[in-house]
Structures are given as structure tokens and as C-alpha cells.
Protein chains: 2
Amino acid sequence: MTPEKTVARLSLYRRFLKLMRDEGAHSVYSHQLADMVRITPAQVRRDLMVIGYSGNPQKGYDVNLLIKHIDDFFNVSESVNVVVVGIGNVGRAMLSYFRNGKSHINVIAGFDTDPNKVDRVINNCPCYHLEQLPEIVKQNNIKTGILTVPATEAQNIANIMVESGIKGLLNFAPTRLKLSSDIFIEDVDITMHLEKVAYFSSGKQKKIGGKNV
Amino acid sequence: MTPEKTVARLSLYRRFLKLMRDEGAHSVYSHQLADMVRITPAQVRRDLMVIGYSGNPQKGYDVNLLIKHIDDFFNVSESVNVVVVGIGNVGRAMLSYFRNGKSHINVIAGFDTDPNKVDRVINNCPCYHLEQLPEIVKQNNIKTGILTVPATEAQNIANIMVESGIKGLLNFAPTRLKLSSDIFIEDVDITMHLEKVAYFSSGKQKKIGGKNV
DNA sequence: TCAATAATGTGAATTTTTTCACAGGGCTTG
DNA sequence: CAAGCCCTGTGAAAAAATTCACATTATTGA
């Protein structure tokens with residue numbers, strides 16, 4: 001099965017490929033992609049092997065075709081609807097991040113329990129009371145959620161989401177969610193990332209990395 | 001040198017240790033920490049080896065002592081000041097994340113170019129015009145920055161930050177910053193994380209992971 | 001007192017991830 | 001047309017990360 005890291009890098013490749021395409025590029029070499037993602041050309045070629053796309057030893061990879069292959073890998077043809085639960089600062093950022101139509105991923109609703117945030121359009125996205133989540137998630141057959149609530153509430157709300165049919169969570173709450181093992185959880189732990197940076201920028205130790213996540 | 005991944009996990013361990021301490025726990029076993037961070041007990045023990053803290057085969061690890069050791073590792077005694085550049089949604093989230101005094105890491109200023117955001121206190125944090133960044137960063141000997149500006153501006157602003165003395169960046173802009181190799185860059189690529197979740201929650205493929213970042 | 005238990009610490013093994021290094025092949029140049 | 005380039009694709013090697021597995025050891029309980 002495709003390793004998580006390859007999946008992650010494929011997503012990055014695609015973004016850069018699209019930028020290149022918009023700048024008029026037609027082909028790209030593995031070393032160019034490698035530069036953009038801070039890895040080695042060999043790694044790029046390895047990753048592309050897993051999606052079964054072959055380039056041309058002279059021209060490298062065809063930008064459009066490669067995008068298409070990665071799109072297929074991510075099954076872009078059917079767009080993915082997601083919900084954001086927790087309309088705080090991070091939640092609002094997520095609403096705007098994924099409401100631009102550039103991606104096949106779209107936030108279709110936000111949820112909160114705060115009356116000031118409910119039944120309104122925030123950052124161009126309709127927001128509802130948490131109570132309405134099960135209904136809306138089921139109706140729209142949503143499988144993916146973004147969780148941006150305080151740590152104390154995260155587990156309860158995650159349970160509700162999973163009961164409603166969510167199969168994967170992007171979790172910003174600094175908590176370990178305990179969910180059935182068939183639920184995919186991606187934790188984004190900002191405090192940890194910042195501690196890393198602080199540690200490696202303090203000059204108390206050698207730099208060893210600085211790769212993408 | 002301590003690998004990045006170990007540094008990352010140490011940060012996570014510490015957070016959970018503090019939670020446990022607040023709940024009155026005095027000791028903890030490797031398997032408990034492992035549960036919280038979604039790894040194996042052996043991994044936990046390995047990580048703790050690198051900071052040279054030994055537990056007790058009967059009682060496990062002393063929570064307070066272990067926190068203290070990790071604090072020492074991160075050099076918590078001297079607090080770390082950081083700046084946030086770009087007061088959008090993510091930037092505001094960062095201002096509030098690291099302004100609570102719970103961490104040894106504190107945001108001391110935000111920067112933007114938007115007149116509406118400048119020379120005001122936002123989320124309890126003073127915000128200035130970008131022009132003032134070099135001065136403030138130098139005066140306060142700041143080594144760490146959080147970059148939350150649009151991709152198009154990220155490189156320019158990162159350059160300014162580095163010229164002002166910043167040695168490490170937490171970068172949210174979906175761009176590959178090109179900076180001198182002694183600058184530590186931690187990219188947090190939210191689109192990529194969400195694509196991963198969408199991929200693994202679509203049910204089109206087997207689940208293979210769901211680890212912390 | 002002594003076996004049984006359950007944890008740590010760690011050398012060794014394993015697995016995963018990354019990199020090397022080179023065969024293959026088509027441009028380009030002289 | 002042949003030599004030189006500089007790509008890709010990939011087997012094999014290397015490196016990194018993780019896990020195994022067991023010697024060790026304090027405690028418990030009969």
C-alpha cells in the first residue's frame with residue numbers, strides 16, 4: 001500500500017506542478033520537483049513509480065499528464081466535501097483555506113455551539129449548530145472532518161462525528177483522540193512544530209533537517 | 001544529534017506528562033506514554049534514552065522528574081520569544097495559541113502591512129507594521145518566527161526576517177522558502193494534511209497509519 | 001523466603017525509507 | 001555519425017527508524 005509519506009509528497013508535487021503549469025511550463029525534471037519539496041531527485045522518481053507514471057528521459061515529466069496522474073491517484077474526479085467543527089481562529093482559517101474552489105476538497109459547512117457563530121455565513125461558509133452535524137453529515141455523505149475545538153471537547157465531538165459517518169479527521173486539538181481503528185486521524189500539533197523550530201533555531205545544537213512535514 | 005522525530009515526540013510527551021501531573025499522577029509507564037502518542041512503548045523508551053533519563057523498572061518514570069528532564073532538553077529555563085508575521089486567520093490563531101503563558105514560548109509581536117491591523121493590540125498581542133520588524137527582532141534578539149503570509153509574499157518576507165536575525169521559521173505558506181542552509185524551516189502544509197486525510201478516509205485504499213505528525 | 005510479575009534499558013534484528021549508481025536511450029553538436 | 005550529455009527507471013545498497021526480545025531488577029504475595 002502506498003506509504004503515507006508518499007501520499008503526502010504526491011500532494012506537494014501536485015501543488016507545485018500546478019504552479020508551474022500556470023507559469024506555462026510543459027515539462028519538469030525530477031530534480032526540479034525535488035528542489036521544491038526539499039528532497040532528492042531519486043525520491044521523486046521513486047514516488048512517481050508508485051503511481052505508475054513514466055516520464056521521458058529527455059523531457060522529464062509532462063506537467064499536465066503528471067498532474068492528471070496524481071489527480072487520479074487522489075481520485076479528484078469526485079470532489080470531496082468536508083466539514084469544520086469549531087469556529088475559532090483555526091476553524092475560520094480552515095473555512096477560508098478550503099472554500100476557494102481551487103481544490104477538489106471543499107468545506108461545505110462549519111459547526112459550533114456558540115450562538116454567535118451559528119446560523120450565519122462566516123468566511124463565506126454556512127455555519128450551523130453542532131446539533132445539526134449528524135444530519136448534515138449523513139445527508140451529504142461526508143467522510144472527512146476538520147476538528148478545531150478545544151482539547152477538552154475534542155473527544156466528545158469526535159465521537160459524534162464518527163457516529164455520523166466521518167471516516168477521517170484532521171485534528172488540531174492537542175489531545176489524542178481514541179477512535180475505532182478504522183478511522184484515520186491526522187494530528188496537526190502546532191505547539192510541537194513550534195517547539196521544534198525553537199529547539200533547532202536556538203543554536204544550541206546542530207541543524208539536522210528542516211524538511212517538509 | 002537528536003533526530004527531529006525524537007525532538008517532536010519529546011514535545012508531545014511533555015504535554016501529556018503535564019496533563020497527567022495536573023490530574024495528580026506521580027508516575028507513568030512507557031506504554032501509557034506510547035498510547036498517548038500512538039507509538040510503541042519501545043519507541044518511548046528509546047526516545048527517553050537520548051535525554052538520559054532513567055526510570056524505575058517498577059514504578060516507571062517519575063512524572064515530575066521526566067518533565068524536568070524534557071524541560072532541560074528544550075532549555076525551558078530561558079523563555080523563547082517569537083514573532084508572527086501575517087495577521088490573517090492563521091496568524092491570529094498563532095497569536096492566541098502562544099500568548100497564554102503556559103509555554104516557555106511566547107509571541108511578543110505580530111506584524112502585517114495592512115493599516116487596519118497595525119499599531120493595535122490583536123488577540124492580546126501588539127501588532128506593528130512589517131517595516132518595524134527588523135528593529136524589533138534585533139532589539140529583542142528573536143531567533144524564531146512564524147510565517148503566515150500569502151504564498152506570493154512569503155519568500156520576500158522570509159528574507160527580511162532572516163536578515164534581521166531569525167534562525168528558524170515555522171512556515172504556513174504553501175511555498176518552498178529558499179534560505180541559507182543554516183536556517184531551520186519547518187513547513188506546515190495544511191492542504192497536504194487534509195489531502196492525506198481525504199485520501200485515507202475515502203475508503204478507496206487500506207488504512208495504513210494515522211500517526212502523529 | 002522465594003517464585004511470579006511487570007517494568008526498564010538496550011543490543012540486535014527488522015522494517016522502512018532514502019539514496020546510490022548505472023543501464024538505457026534519445027538529443028545535440030561537431 | 002559518433003561522442004557527450006543528461007535525463008529516467010530501478011536493482012541494490014545504505015541509512016534511518018522502529019521493534020523485538022531478553023537480561024535485569026524491585027515488589028508483591030503466599
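Each chain gets a letter, A, B and so on, in the order its sequence line appears, and its residues count up from 1.
- Among the nucleotides dC20(D), dA7(C), dT19(C), the one closest to any side-chain atom of Q43(A) is dT19(C).
- Looking at R99(A), its side chain never comes within 3.5 Å of a backbone N or O of N106(A) through a donor-acceptor pair.
- The nearest whole Å value for the distance from the CG atom in L48(B) to the C1' atom in dT18(D) is 15 Å.
- With D187(A) contributing its side chain and D189(A) its backbone, the two residues share no donor-acceptor pair below 3.5 Å.
- The nearest whole Å value for the distance from the CE atom in M49(A) to the C1' atom in dT18(C) is 14 Å.
- Checking T40(A) against N56(A), the closest nucleotide of DNA chain C that is more toward the 5' end is the one next to T40(A).
- One finds a side-chain N or O of S30(A) lying less than 4.0 angstrom from the OP1 or OP2 phosphate oxygen of dT8(D).
- No more than 12 heavy-atom neighbours from other residues, nucleotides or ligands sit within 6.0 angstrom of NZ on K68(B).
- A donor and an acceptor atom sit less than 3.5 Å apart, one in the side chain of R46(B) and one in the base of dT19(D).
- Between dT18(C) and R9(A), a contact under 4.0 Å exists linking OP1 or OP2 to a side-chain N or O.
- The CD-C1' distance, from E4(B) to dA15(D), rounds to 16 Å in whole Å.
- Following rounding to the nearest Å, R38(B) (CZ) and dA17(D) (P) show an atom-to-atom distance of 21 Å.
- Between N123(A) and N89(B), some side-chain heavy-atom pair lies under the 4.5 Å cut-off.
- Between Y29(B) atom OH and dT27(D) atom P the separation is 11 Å, expressed in whole Å.
- Classification of the F200(A)-F184(B) ring pair by plane angle, with boundaries at 30° and 60°, yields parallel.
- A heavy atom closer than 4.0 Å to some atom of DNA chain C occurs in P57(A), Q58(A), these being the qualifying members of residues 57-68 of chain A.
- In this entry the distance linking CD1 of I39(B) with C1' of dA17(D) reads 12 Å, nearest Å.
- Protein atom CG of L33(A) is 16 Å distant from nucleotide atom P of dT18(C), rounded to whole Å.
- For F73(A) and Y53(A), the gap between ring centers reaches or exceeds 6.0 Å.
- Between the NE2 atom of H31(A) and the P atom of dC6(D) there is a distance of 10 Å, given to the nearest Å.
- Side-chain atoms of E186(A) never come within 3.5 Å of backbone atoms of L169(A) as a donor-acceptor pair (strictly under, hydrogens ignored).
- Within the 4.0 Å cut-off from OP1 or OP2 of dT8(C), at least one side-chain nitrogen or oxygen of R45(B) is found.
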